[in-house]
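These notes concern the structure reproduced below.
Chain A is the first sequence line, chain B the second, and so forth, proteins listed ahead of strands; every chain is numbered from 1.
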Number of protein chains: 2
Amino acid sequence: MKIDPKNPADLSAQIAKAIKDAIISGDLPVDERLPSEAEMAEQFAVSRPTVREALKRLGAQSLIRTQRGATGGAFVNRLRFEDAYGQQITTSTLLLSMNEVSFATACEARYALERACAPLSAERRTADHLATMRAEAHRQSQPGLTDEAFCASDVAFHRALVDAACNPVLSYQLAGAVEAMQPLMNMITFSARSREKIIGYHSAIADALEAQDAAGADAQLAALAAYTQELAQDVFAQRDAARNG
Amino acid sequence: MKIDPKNPADLSAQIAKAIKDAIISGDLPVDERLPSEAEMAEQFAVSRPTVREALKRLGAQSLIRTQRGATGGAFVNRLRFEDAYGQQITTSTLLLSMNEVSFATACEARYALERACAPLSAERRTADHLATMRAEAHRQSQPGLTDEAFCASDVAFHRALVDAACNPVLSYQLAGAVEAMQPLMNMITFSARSREKIIGYHSAIADALEAQDAAGADAQLAALAAYTQELAQDVFAQRDAARNG
DNA sequence: GACGTTTAATTGTCTGACAAATGAAAATTG
DNA sequence: CAATTTTCATTTGTCAGACAATTAAACGTC
């Protein structure tokens, strides 16, 4: 774990990279305590603030955690799926909003991925997953629900669908795809008619999963994907028309 | 953008969160210049090192970039897919290695996701994608290739397959799933016989994509997934037998 | 032995300073 | 006047030393 070919710039970045590499390679196992800041400062021949900047970089990625006190210090953090969800969602959301990704592209990706776990979900869904999906579908049918609340419930429904695959890796990968869509979905105004249709698809999906009918679930997801795209197209067409004259 | 309910701990984390929220909400647009470190220190009523620690946190997530000099400073960074790939892959790799995710689980997720983009890839693959896949398949047939090089080429093949869907969101989401598998795949020793079979599947996949045969590509991917699982099972069974006896 | 106290170690923060980079303004020169 | 060079102010990157807050272990007392 060494740094610094006499390059007095980016020292904290170099130190962060050295520690990060050690963690990735397994050289620093989980829960291992790093040397104290003072020790590292001496070891790397830099000042303590520089070491601290490096540690903050790692902390921002949840690679380490710090603890004050006599037995405190910086420890290699066990990266948990729950911790990674947040970062994944933030990154996905920013990628979509900063790169002018079209609604169609994001929507296509989302439904392609969801359909990928439909067969697994049909096989493994538990009563819990089904109950969550039913509850969200019911909430979506409540009158007076704002568009935002409708979208939030939609996301919750689809997360349950994904989680029903009982594969944490899949859940993690799809969390970003599903949740990052929410800001885009919020641009759509859902009429009572369109809400009704969407809830119909949701119920049909839950039915298919309950019957462990993978093909049926896939078909309903495909139909929902097509309908969502259609809705969005209408919204954007109207918006463009209003803008142009 | 405010902080600090008189809580003198985690000041840098609070500042980082405030700025991060401003970026996510769009309050700070891309390429906007943040105030100088000295100004922010005054604004937040903290010292400059504290501000710097906050900025380093954001820099580690590629949310900002910094530049020295007269017109320098910290700027809101346009998060690009290429930048996000690296973080996604690192995080996925660590998640797998730190959470004792079984080979079967990771492999299942990976192939489920790849099959999700097979139809799109069949539709949109370009000559470039096909050429890359052919080239990697050919490389895999070279004698004397180490297992690691074989795995690396395997990853390159599958990345081309994913990229052929021509959907950057899909490519981003799947980069982690595909690349994070590499360390796990490296645990497998590939016999000449098994390499031959895998290359056969790869060629068949490339053929199906070239013919825009979505169903065929899906079938070959499914078969490859099953074969990979079978190979892994053998390896782990042998390893367990050796350990126990 | 149980319980309160002290103490040492460690992170979190502050102050003040200097070095290095960098673009803009000013000065110089043709 | 135009082009080039020099100077300079601004900003980040780093350093040194200091103090506060936290925490668990060591210690002392009853």
Side-chain angles (χ1 to χ4, degrees), chain A residues 1-20 23 28 31-78, chain B residues 1-20 23 28 30-77:
Chain A
M1 208 158 80
K2 284 184 180 176
I3 61 157
D4 192 12
K6 295 145 204 154
N7 188 354
D10 290 326
L11 285 178
S12 71
Q14 289 177 46
I15 293 171
K17 183 172 188 315
I19 299 174
K20 184 174 175 178
I23 293 175
L28 287 172
D31 292 333
E32 178 88 351
R33 183 181 175 282
L34 300 179
S36 74
E37 295 174 355
E39 284 178 89
M40 298 185 86
E42 191 174 6
Q43 181 183 332
F44 288 120
V46 299
S47 67
R48 195 159 85 91
T50 301
V51 170
R52 282 182 62 78
E53 287 181 6
L55 294 180
K56 293 308 166 194
R57 292 178 121 105
L58 300 174
Q61 300 170 281
S62 302
L63 292 179
I64 62 169
R65 62 179 186 278
T66 57
Q67 204 177 350
R68 287 216 272 197
T71 59
F75 298 84
V76 177
N77 198 29
R78 156 160 281 125
Chain B
M1 206 159 79
K2 284 185 179 175
I3 62 159
D4 191 12
K6 297 147 202 152
N7 187 356
D10 289 327
L11 286 179
S12 71
Q14 289 178 46
I15 294 171
K17 182 170 188 318
I19 299 174
K20 183 174 175 177
I23 294 175
L28 288 173
V30 167
D31 292 334
E32 177 88 350
R33 183 182 175 282
L34 300 181
S36 73
E37 295 175 354
E39 285 178 89
M40 300 185 84
E42 191 173 7
Q43 180 183 334
F44 289 120
V46 299
S47 68
R48 196 160 82 92
T50 301
V51 170
R52 282 182 62 77
E53 287 180 6
L55 294 180
K56 292 310 165 194
R57 292 178 121 107
L58 300 174
Q61 299 170 281
S62 304
L63 292 180
I64 61 169
R65 62 179 186 279
T66 57
Q67 203 176 351
R68 288 215 271 195
T71 60
F75 299 84
V76 177
N77 197 29

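- Position along DNA chain D of the nearest nucleotide to A:A70 versus B:G72 favours B:G72 as the more 5'-ward residue.
- Contact annotation: B:R48 side-chain N/O to D:dG13 OP1/OP2 distance is not under 4.0 Å.
- Nearest heavy atom pair, residue B:D31 against residue B:F75, reads O-CD2, 3.7 Å.
- Between A:V51 and B:E39, the residue anchored closer to the 5' end of DNA chain D is B:E39, taking for each the nucleotide with the nearest heavy atom.
- Rounded to whole angstrom, the span from the CZ atom of B:F75 across to the C1' atom of C:dT22 amounts to 12 Å.
- In this structure, of D:dT14, D:dA21, D:dC15, it is D:dA21 that holds the atom nearest to the side chain of A:R68.
- Taking atom CG of residue B:L34 and atom C1' of nucleotide D:dT10, one finds them 16 Å apart after rounding to whole Å.
- Between B:T66 and the phosphate of D:dT11, there is no side-chain N or O to OP1/OP2 separation shorter than 4.0 Å.
- The distance between atom CD of B:E42 and atom P of C:dC14, rounded to the nearest whole Å, is 14 Å.
- Computed from coordinates, the B:I15 CD1 to C:dC14 C1' distance equals 13 Å when rounded to whole Å.
- Within the nucleic acid shown, A:R65 has no heavy atom closer than 4.0 Å to any nucleic acid atom.
- Applying the side-chain contact (heavy atoms from CB on, under 4.5 Å) test between A:R65 and each of A:N77, A:V76, A:L58 identifies A:N77 as the sole match.
- At the phosphate of D:dC15, OP1 or OP2 sits under 4.0 Å from a side-chain N or O atom of A:T50.
- Summarising the geometry, the separation between CD on B:Q67 and C1' on D:dG13 is reported as 14 Å, rounded to the nearest angstrom.
- Shortest non-hydrogen contact noted between A:P35 and A:Q43 is CG-OE1, 4.2 Å.
- With C:dA24, D:dT14, D:dA25 as the candidates, the nucleotide lying closest to the side chain of A:T71 is D:dA25.
- Across C:dG23, C:dT13, D:dT12, the shortest atom-to-atom separation from the side chain of B:L11 is found for C:dT13.
- With contacts defined as side-chain heavy-atom distances shorter than 4.5 Å, the pair B:L55/B:L34 qualifies.
- Distance, B:M40 CE to C:dC14 P: 14 Å, rounded to whole Å.
- Following rounding to the nearest Å, B:E53 (CD) and D:dT12 (P) show an atom-to-atom distance of 16 Å.
- Residues A:R48 and A:R52 form a side-chain contact, since some pair of their non-hydrogen atoms from C-beta on lies under 4.5 Å apart.
- For C:dG12, the OP1/OP2 oxygens have a side-chain nitrogen or oxygen of A:R52 closer than 4.0 Å.
- For B:S47, a side-chain nitrogen or oxygen approaches OP1 or OP2 of C:dC14 to under 4.0 Å.
- At whole-Å resolution of the value, CD in A:E37 and C1' in D:dT22 are 14 Å apart.
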